[in-house]
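Just so we're clear, the structure is a prediction, and the values are computed from it rather than from any experiment. The first residue in the sequence is number 1, and the count goes up from there.
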Amino acid sequence: MKDRYRILSHHAFIKGILFLIFGLLLLLWPSLVLNGFVYVLAGGLILLGIPGVLQYFQNGKEEEKLMPLLLGLLLIAAGVVAFFFMKQIIGSLPTFLGMLLIVAVVNDMIQRMRDRTKGHGIKSWQVVVHVLLILVAILIIWNPFGIDLMLRIFGAAVCLLGVVEFIDFRRYRRAYALPEQENTGK
């Protein structure tokens, strides 16, 4: 059981750091992160497509090797489309980020409700935080503000998730630091 809590504490620590870094980047430089996201997406799709095209021409132009070529061309085309239609991708981003936040928060709540062993179930303050995060996600989907303010709100929500992960890190670290209670039959 100690190993389980040690692994959970390491995961919570790493997730907390990543959430805080990403959230702070979104809070401080939302447009830079947004443009970087689209460029990385477009470049990544193009880079993923190139090996399929090269594989087709290196292994001969056989009909059964057509699938890697088609997939590679599709990925390259998707990368080019992502690059040239950046504004449309950015326009649909609030819906995507809001849905992503809802799924992450609901998944976290379910995981916490399942983890009721040794007092590690969901606490009442965590329920409040999760409900607030779901309300923030609905606000992000609705997007009554501009894209920069929406990204800053999303960054603040991600920072809050990072803080919750650090609190979990401390709880899990305490759980594996405690000596095992032996079953003495008393």
Single-linkage hydrophobic cluster, 4.5 Å side-chain cutoff, [X] and [Y] together:
{"X": "Met99", "Y": "Phe37", "value": "yes"}
{"X": "Leu24", "Y": "Phe169", "value": "no"}
{"X": "Val40", "Y": "Ile21", "value": "no"}
{"X": "Phe57", "Y": "Leu48", "value": "no"}
{"X": "Leu27", "Y": "Ile17", "value": "no"}

Roughly how far, to the nearest 0.5 Å, is the [atom2] atom of [Y] from the [atom1] atom of [X]?
{"X": "Leu160", "Y": "Leu20", "atom1": "CG", "atom2": "CG", "answer": "10.0 Å"}
{"X": "Ile141", "Y": "Met150", "atom1": "CD1", "atom2": "CE", "answer": "10.5 Å"}
{"X": "Leu133", "Y": "Met109", "atom1": "CG", "atom2": "CE", "answer": "10.5 Å"}
{"X": "Met86", "Y": "Leu34", "atom1": "CE", "atom2": "CG", "answer": "8.5 Å"}
{"X": "Leu45", "Y": "Ile76", "atom1": "CG", "atom2": "CD1", "answer": "10.0 Å"}
{"X": "Tyr56", "Y": "Leu71", "atom1": "OH", "atom2": "CG", "answer": "14.5 Å"}

* Asked: Out of Leu97, Ile153, Leu151, Leu32, which one pairs with Leu26 under the side chain to side chain contact (heavy atoms under 4.5 Å, CB included) rule?
  ->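 Answer after filtering Leu97, Ile153, Leu151, Leu32: Leu151.
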* Asked: Looking only at heavy atoms, which two atoms of Ala82 and Ala42 are closest? And how far apart?
  ->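 The pair with the smallest heavy-atom distance is CB-CB, 4.1 Å.
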* Which heavy-atom pair separates Arg173 from Ser9 by the least distance, and what is that distance? ->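 Closest heavy-atom pair between Arg173 and Ser9: N-CB, 3.9 Å.
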* Summary of side chain to side chain donor-acceptor pair (under 3.5 Å) pairs that have at least one residue in residues 72-98, sequence neighbours excluded ->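 Residue pairs passing side chain to side chain donor-acceptor pair (under 3.5 Å), neighbours aside: none found.
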[X] vs [Y] side-chain heavy atoms within contact, under 4.5 Å:
{"X": "Ile46", "Y": "Leu75", "answer": "no"}
{"X": "Ile167", "Y": "Tyr172", "answer": "no"}
{"X": "Phe22", "Y": "Phe154", "answer": "yes"}

* To do: Indicate the ring-plane relationship of Phe13 and Phe166, choosing parallel, tilted or perpendicular according to the 30° and 60° boundaries.
  =>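 Ring orientation of Phe13 relative to Phe166: perpendicular.
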* To do: Quick one: name the residues clustered hydrophobically with Leu18, using the 4.5 Å side-chain heavy-atom rule over I, L, V, M, F, W, Y, and just say none if it's on its own.
  =>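 Direct or chained contacts put Leu18 with Ile14.
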